[in-house]
Number of protein chains: 2
Amino acid sequence: MSVTLKDVAQAARVSVSTASRALTGTGLTSERTQQRLTRIARELGYRPNPIARGLKTGQSRLVALLVHNLTNASFQVMAEVVQARLKALGYQMLLCIGGDDPEQESDTLTTLVDHRIDGLIVVPTGKNGTQLKALAKDVPIVCLVRRDDATDLETVLADDPQGAYLGTRHLIELGHRRIGLIVGRQDTTSGRERLSGYVRALREAGIPVDDTLILAGHFVPETGATCCRKLLDLPRPPSAIFVANHEATLGALRVIAERNIAIPDDLSLLCYEDMPWFEWHRPAISIVDNGAHDLANLAVDRLLHRMDAKGNGNDGVREYRVGARLVQRDSCRRIEAAPPARSGKPRSSPSRSSASKLSASKLSASKSAKV
Amino acid sequence: MSVTLKDVAQAARVSVSTASRALTGTGLTSERTQQRLTRIARELGYRPNPIARGLKTGQSRLVALLVHNLTNASFQVMAEVVQARLKALGYQMLLCIGGDDPEQESDTLTTLVDHRIDGLIVVPTGKNGTQLKALAKDVPIVCLVRRDDATDLETVLADDPQGAYLGTRHLIELGHRRIGLIVGRQDTTSGRERLSGYVRALREAGIPVDDTLILAGHFVPETGATCCRKLLDLPRPPSAIFVANHEATLGALRVIAERNIAIPDDLSLLCYEDMPWFEWHRPAISIVDNGAHDLANLAVDRLLHRMDAKGNGNDGVREYRVGARLVQRDSCRRIEAAPPARSGKPRSSPSRSSASKLSASKLSASKSAKV
DNA sequence: CGATAGACTGCAAACGATTGCAAAAACGCT
DNA sequence: AGCGTTTTTGCAATCGTTTGCAGTCTATCG
């Protein structure tokens with residue numbers, strides 16, 4: 001059906017081996033025949049068959065990216081970045097969706113190595129450590145965003161402690177003292193790490209950590225909504241909420257809208273991870289950007305490195321952290337006269353709680369206005 | 001490194017060919033050896049090498065899906081659906097991102113056929129018709145969502161005329177007479193088709209088509225915002241806006257928020273295509289669902305059919321339309337006393353324009369309330 | 001009991017490339 | 001011209017499967 005190396009060789013009246021060497025540029029051919037063959041190959045429209053080549057060389061020019069889903073905006077950018085980078089290098093990306101399900105992950109992993117992929121970037125569920133470890137002997141692997149504790153795989157992580165710290169500090173600098181935190185399950189790394197960053201920022205500012213302001217759980221939007229309600233219903237509700245969990249943001253926003261709470265006037269809102277519509281939302285939502293772009297790029301870098309190094313790309317470093325970045329938009333507001341410079345102690349809280357009460361009255365006011 | 005067929009054969013003291021036949025179930029083996037071999041294969045952890053098999057059979061068990069991006073929610077669900085379906089059948093999905101760029105599309109297409117993919121589902125840019133046509137000789141291809149007029153490829157399309165009709169009719173049934181339309185470029189199929197559905201619904205209801213209410217353009221969120229402003233600034237602004245373009249929705253929402261227009265009280269809003277956060281938005285946004293799920297499923301069905309049929313899966317049908325569906329949420333409201341049954345003529349418009357004026361006064365009211 | 005059909009099995013040639021090894025050609029030098 | 005070197009080429013094996021063909025076995029029947 002298609003033009004094979006043999007055809008090219010015949011047309012050029014040389015042997016297949018010469019043709020192969022000339023076209024792959026494996027040194028041992030004369031300049032002249034090399035050029036002649038490339039020309040003939042082009043004329044004939046020859047395209048090497050990666051399958052046949054792969055059989056011999058054990059390589060497939062296929063690199064897989066295994067993520068949990070495509071709904072998550074971070075995974076989207078990562079997929080796009082990885083695809084773009086790999087393509088430029090002549091690799092095809094095999095994008096797989098594991099749904100954060102260990103069984104699916106395991107299945108996919110085996111099919112992938114069957115297909116003799118040349119490399120793998122994976123967001124591990126954390127439940128297939130032994131399998132991953134075994135595969136790592138055959139294929140260069142880089143873990144992304146999540147660590148699999150059962151392995152010693154090279155891992156590219158977001159700097160969640162720093163991100164959460166950055167976000168919390170931002171709110172503190174704006175004068176907030178009661179900052180609600182809606183955060184992921186504490187049995188996930190990101191859940192723990194984000195909480196720790198939050199705590200550190202508070203400690204550093206000499207603000208006592210109030211446990212009633214910290215809500216953690218296995219998140220879906222519904223839970224986000226519940227948590228947000230709990231925070232707002234507190235006798236002394238927070239003046240700012242830091243939603244440090246991707247899924248929870250939707251629920252929180254809904255509750256805020258339902259109660260007609262004005263952002264940032266009645267409440268400051270800061271979210272973790274960007275979504276394309278956040279900057280179109282009104283008010284545009286300030287975020288801590290986990291650096292999905294950089295994460296993906298670094299992961300690709302590391303993977304390529306290992307692929308080049310043929311088995312011992314092992315530089316001693318096991319873990320890379322990509323810095324988070326604060327993106328200020330319009331959902332956080334400075335409250336009352338915060339000390340302009342770092343002098344004097346933070347004020348006490350009574351006026352803040354009155355601000356929250358204002359929100360309650362505002363709620364009924366706007367409701368009646370609508371009728 | 002890994003267990004090959006030869007190893008299995010040796011362990012079972014049979015020839016490679018027998019092993020092959022036993023394991024692939026190609027008839028000609030005795031029940032007994034077949035079972036024995038499957039057992040041994042399992043014990044040894046034998047996994048057939050798809051590359052070697054592919055070389056011989058010309059198949060790769062790889063099916064590619066080529067979409068424009070992953071930001072578009074429709075493409076996300078399609079990717080997830082296709083992946084899930086294919087996986088269940090033992091295929092791996094090769095997800096490629098073409099960025100709606102003809103050159104990239106062309107590149108990707110050639111690499112894909114090089115890799116001897118078994119099938120291809122593509123959202124064509126429409127600029128590589130000849131190439132696609134040529135490839136279709138080697139590989140079963142199904143076009144998705146967009147048609148490539150230069151080819152006669154089997155195509156699975158959303159029923160945009162019907163969707164737009166459905167949406168518009170819904171608004172009309174709610175009593176709206178002045179319905180703004182923000183729609184895509186008229187040189188795209190979907191742009192034209194959505195406009196036509198809108199017009200048909202109006203005609204059918206005996207409502208004159210007012211050109212000033214129809215805004216079309218090459219859309220990005222910014223343009224969506226501009227269009228939305230234009231509509232609202234009209235001397236007689238619409239009482240409902242149908243944003244029939246995915247990208248434009250963000251911009252429109254922002255303008256609505258900026259002007260403090262209450263949905264659905266001051267303005268009804270209906271959008272085309274769903275986004276995961278639409279139902280969490282407050283008010284939850286009513287949409288016309290283009291049926292991404294069904295589209296993807298049908299595309300897979302058709303592709304599989306062609307793949308089975310080995311070249312002549314050609315059933316005569318060239319084009320499939322997947323019905324759109326109206327999903328009512330909270331962003332559209334019945335206005336004034338619309339005729340409860342289909343009797344009498346629609347009322348005239350003065351009261352409606354007063355509704356729009358109300359929105360203007362509301363705007364200043366809420367603004368002052370905030371200060 | 002021997003012939004013969006039928007069911008299994010094995011040999012060996014593909015598939016399209018890469019690659020070690022040896023032969024051939026080209027070159028430089030005396 | 002003859003010889004040793006170096007470069008360039010071709011032969012043939014190989015990667016792990018599948019598959020046509022021929023050979024082997026078993027069973028059945030005359």
Side-chain angles (χ1 to χ4, degrees), chain A residues 1-38 40-41 44-62 90 110-111 113-118 138-139 310, chain B residues 1-38 40-41 44-62 90 111 113-118 138 310:
Chain A
M1 182 186 318
S2 56
V3 190
T4 80
L5 193 54
K6 200 160 91 185
D7 300 331
V8 179
Q10 254 158 20
R13 320 191 137 275
V14 295
S15 72
V16 209
S17 23
T18 314
S20 169
R21 278 188 278 253
L23 293 179
T24 52
T26 328
L28 314 126
T29 36
S30 70
E31 191 79 2
R32 226 170 54 83
T33 50
Q34 181 150 345
Q35 291 192 349
R36 197 163 62 94
L37 274 164
T38 17
I40 297 187
L44 260 53
Y46 167 72
R47 318 225 69 230
N49 181 335
I51 304 224
R53 176 180 289 174
L55 180 56
K56 185 73 219 225
T57 61
Q59 312 221 308
S60 59
R61 303 250 94 193
L62 251 35
T110 47
T111 7
V113 293
D114 279 358
H115 275 282
R116 300 297 187 274
I117 50 168
D118 292 347
D138 296 351
V139 181
K310 277 264 163 212
Chain B
M1 180 187 317
S2 56
V3 190
T4 79
L5 193 54
K6 199 159 92 184
D7 301 331
V8 179
Q10 253 157 22
R13 317 192 139 276
V14 294
S15 73
V16 208
S17 22
T18 312
S20 169
R21 278 188 277 255
L23 294 178
T24 52
T26 329
L28 314 125
T29 36
S30 71
E31 191 78 3
R32 227 170 54 81
T33 49
Q34 181 152 346
Q35 292 192 348
R36 197 163 61 94
L37 274 164
T38 15
I40 296 187
L44 261 52
Y46 167 71
R47 320 225 68 232
N49 180 334
I51 304 224
R53 178 179 288 175
L55 179 57
K56 186 73 219 213
T57 61
Q59 314 220 307
S60 59
R61 303 249 96 194
L62 249 35
T111 4
V113 294
D114 278 358
H115 274 282
R116 299 297 186 276
I117 50 169
D118 291 348
D138 296 351
K310 277 266 164 210

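The analysis underlying the following values was restricted to heavy atoms, covering all of them including side chains, and did not include hydrogens, waters or symmetry mates. Below, chains carry the letters A, B, ... as their sequence lines are ordered, and counting in each starts from 1.
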Is a donor-acceptor contact shorter than 3.5 angstrom present between the side chain of [X] and the base of [N]?
{"X": "B:K56", "N": "D:dT17", "answer": "no"}
{"X": "B:R21", "N": "C:dG10", "answer": "yes"}
{"X": "A:R13", "N": "D:dG10", "answer": "no"}
{"X": "B:S15", "N": "C:dC11", "answer": "no"}

- Should B:T4 be listed as having a side-chain N or O under 4.0 Å from OP1 or OP2 of D:dC15? no
- Query: Would you say B:R53 reaches D:dT18's phosphate, i.e. side-chain N/O to OP1/OP2 under 4.0 Å?
  - Reply: yes
- Message: Using a heavy-atom cut-off of 4.0 Å across all strands, would you classify A:S17 as base, sugar-phosphate, or nothing?
- Response: base
- Message: Heavy atoms only, 4.0 Å cut-off, all strands: where does A:P50 land among base, sugar-phosphate and nothing?
- Response: nothing
- Check whether any side-chain N or O of A:S20 sits under 3.5 Å from a backbone N or O of A:V16 as a donor-acceptor pair, and report yes or no. no
Length of the [atom1]-[atom2] vector between [X] and [N], whole Å:
{"X": "A:L5", "N": "C:dT18", "atom1": "CG", "atom2": "P", "answer": "7 Å"}
{"X": "A:Q59", "N": "C:dT19", "atom1": "CD", "atom2": "C1'", "answer": "15 Å"}
{"X": "A:R32", "N": "C:dA26", "atom1": "CZ", "atom2": "C1'", "answer": "13 Å"}

- From the list D:dG16, C:dT19, D:dT18, which nucleotide is the closest neighbour of the side chain of A:S20? C:dT19
- Message: Looking only at the side chain of A:N49 (C-beta and beyond, no hydrogens), which of the listed nucleotides C:dT18, D:dT9, C:dA17 gets closest?
- Response: C:dA17
- Report the end-to-end axis angle of the helix from C:dC1-D:dG30 to C:dT30-D:dA1; each axis comes from five terminal pairs, and the value is rounded to 10°. 60°
- Query: With side chains defined as the heavy atoms from C-beta onward, is the minimum distance between A:D138 and A:V113 less than 4.5 Å?
  - Reply: no
